[in-house]
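Both counts, for ligands and for their atoms, begin at 1 and track the order of listing.
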Amino acid sequence: MSSVTFLGAGAMGSALAVAAVEAGYRTTVWNRTFCRSEALQGNGITVTRRIDDAMADADVVVVCLLDQVSVRDVLYPVAGALAGRHVINLTTTTPDGARDLARRAADAGISYLDGGIMATPEMIGTAESTLFYSGARAVFDTHRDLLEVWGTAEYFGTDAGMASLYDLALLAAMYTMFAGFFQGAAMLAPAGVSATEFAARAVPWLQALAPAVGEYAAVIDGGDYGVPGQQSLLFSDLGDISETARAQGVSSEIVDTVQRLIRRQVDAGRGADGFARVFESIRLPEDAA
Ligand code: FVH
C-alpha cells in the first residue's frame with residue numbers, strides 16, 4: 001500500500017484520512033493547529049508537527065483545507081519539497097482558482113490533480129459519496145484505488161478547473177432547490193403550518209418531479225424548445241405564487257427572479273415555447289443580450 005499524507009485535519013480532511021488508514025494506507029496527517037490532528041493518532045495515523053516531516057515519505061499528498069487562500073498559505077512555502085510529487089487538492093476552489101494552482105504546480109514540477117467532494121464527512125467511504133477530479137491524468141490513474149476508498153471517482157479531463165465547475169454547478173442546483181423549499185415553508189408558516197408538515201408534502205412532490213430534469217435536459221440539448229407536450233412559458237406565469245407570498249407577508253424575491261427569467265423569453269416572443277427555455281435567459285444574461 002502506498003503512503004498518503006494529508007495536509008488539513010478539519011472535518012473533511014480527518015474523514016478522508018481515517019478512511020485511508022482503515023483501507024490499509026500508511027497515513028500521515030499535518031494540520032496547522034496540532035491538537036486537531038493529534039486527535040487522529042488513536043486511529044493508527046501518524047501525525048507530525050512539521051509539514052516537512054509529514055511529506056517526507058509520501059507517495060501522494062492530499063490537501064483538504066478551508067479555501068484557496070489557505071491552500072496558497074500552506075503549499076507555496078513547501079512547493080520546492082513537493083517537486084516531482086503527486087498532489088491531490090480536494091479543497092473547494094473556483095475553477096479559475098484550480099487552474100491557477102495547476103499552473104503554479106506545473107511551474108514547480110508538481111503533478112497536480114484537483115478535486116471536488118460531493119459528500120459530507122459522514123458520507124465518505126459510503127455508496128452515496130462521489131468525488132470529481134480533473135487535471136493530471138497520471139495522478140488520477142496512479143491513485144485510483146485510494147480515490148475509490150472515499151467514494152465513486154469521476155475524472156473530467158486535463159483542464160484542472162472542470163471538477164470544480166461540476167462541483168459548483170451541482171451546488172447551484174442544490175442551494176436553489178433548498179431555497180425553493182424555504183420559500184414554500186415561509187408561505188405556509190403564517191397559516192400555522194410547520195416546516196416539518198410542509199416537508200412531508202414537499203419531499204414526495206420533489207421526488208416525483210425529479211425525472212423532469214432529464215426531460216428538460218433532452219430539450220435543452222436538442223435545441224428545440226417548441227417540442228409539443230411541454231408546459232409553455234405563458235402557462236408558467238408565477239404571478240399568483242408571487243402575489244400569495246406577499247399576501248402571506250413573506251418575501252417573493254426567489255419567485256420573482258424566476259418570473260423575470262420567464263418574462264424575458266415571453267417578451268422576446270417565445271411564450272409558446274416550453275419552460276426549459278428559461279435556460280436561455282440564464283445562459284445569456286440580460287446585460288449580455
Ligand atoms: N464539510 C463538508 O461537509 C464539506 C463537503 C464538501 C467539501 N467541503 C470542502 O472541504 C474543504 C475542507 O472542509 P472541512 O469541513 O474540513 O473544513 P474545516 O473543518 O473548517 O477545516 C478547515 C481546515 O483548513 C485549515 N485551515 C484554514 N485556514 C488555514 C490557513 N490559513 N492555513 C493553514 N490551514 C488552514 C484548518 O486548520 P486549523 O484551523 O485546524 O488550524 C482546518 O484543517 C473545504 O474546502 C470545504 O469547502 C467540505
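Salt bridge present: Glu280 and Arg283 bring a charged side-chain N and a carboxylate O closer than 4.0 Å. Salt-bridge check for Arg103 with Asp107: failed, with every basic side-chain N at 4.0 Å or more from each acidic carboxylate O.
Cluster partners of Val69 are absent, since no Ile, Leu, Val, Met, Phe, Trp or Tyr has side-chain heavy atoms less than 4.5 Å from it.
Taking the six-membered ring for Trp and the full ring otherwise, the centers of Tyr155 and Tyr133 sit at least 6.0 Å from each other.
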Present, as a list of atom pairs with distances to 0.1 Å, all nitrogen or oxygen contacts under 3.5 Å between ligand 1 and the protein.
residue  : atom   : partner : partner atom : Å
ligand 1 : 16 (O) : Ala11   : N            : 3.2
ligand 1 : 16 (O) : Met12   : N            : 2.8
ligand 1 : 19 (O) : Ala11   : N            : 2.9
ligand 1 : 19 (O) : Arg36   : NH2          : 3.1
ligand 1 : 24 (O) : Leu66   : N            : 3.1
ligand 1 : 31 (N) : Arg32   : NH1          : 3.4
ligand 1 : 31 (N) : Asp73   : OD2          : 3.1
ligand 1 : 39 (O) : Arg32   : NH2          : 2.9
ligand 1 : 40 (O) : Asn31   : ND2          : 2.9
ligand 1 : 40 (O) : Arg36   : NH1          : 2.9
ligand 1 : 41 (O) : Arg32   : NE           : 3.0
ligand 1 : 41 (O) : Thr33   : N            : 3.1
ligand 1 : 41 (O) : Thr33   : OG1          : 2.4
ligand 1 : 43 (O) : Ala9    : N            : 3.4
ligand 1 : 43 (O) : Gly10   : N            : 3.3
ligand 1 : 43 (O) : Asn31   : OD1          : 2.6
ligand 1 : 45 (O) : Leu65   : O            : 3.1
ligand 1 : 45 (O) : Leu66   : O            : 2.9
ligand 1 : 45 (O) : Thr92   : N            : 2.8
ligand 1 : 47 (O) : Thr92   : OG1          : 2.8

Please output the side-chain donor-acceptor pairs of residues 1-25 that fall under 3.5 Å, not counting sequence neighbours, one pair per line with the distance.
residue : atom : partner : partner atom : Å
Ser3    : OG   : Asp57   : O            : 3.4
Thr5    : OG1  : Ala54   : O            : 2.5
Ser14   : OG   : Ala9    : O            : 3.1
Ser14   : OG   : Gly10   : O            : 2.8
Tyr25   : OH   : Leu146  : N            : 3.1

Which donor-acceptor pairs under 3.5 Å do the side chains of residues 168-185 make with protein atoms, sequence neighbours left out?
residue : atom : partner : partner atom : Å
Thr176  : OG1  : Ala172  : O            : 2.7
Thr176  : OG1  : Ala173  : O            : 3.3
Gln183  : NE2  : Ser251  : O            : 3.1

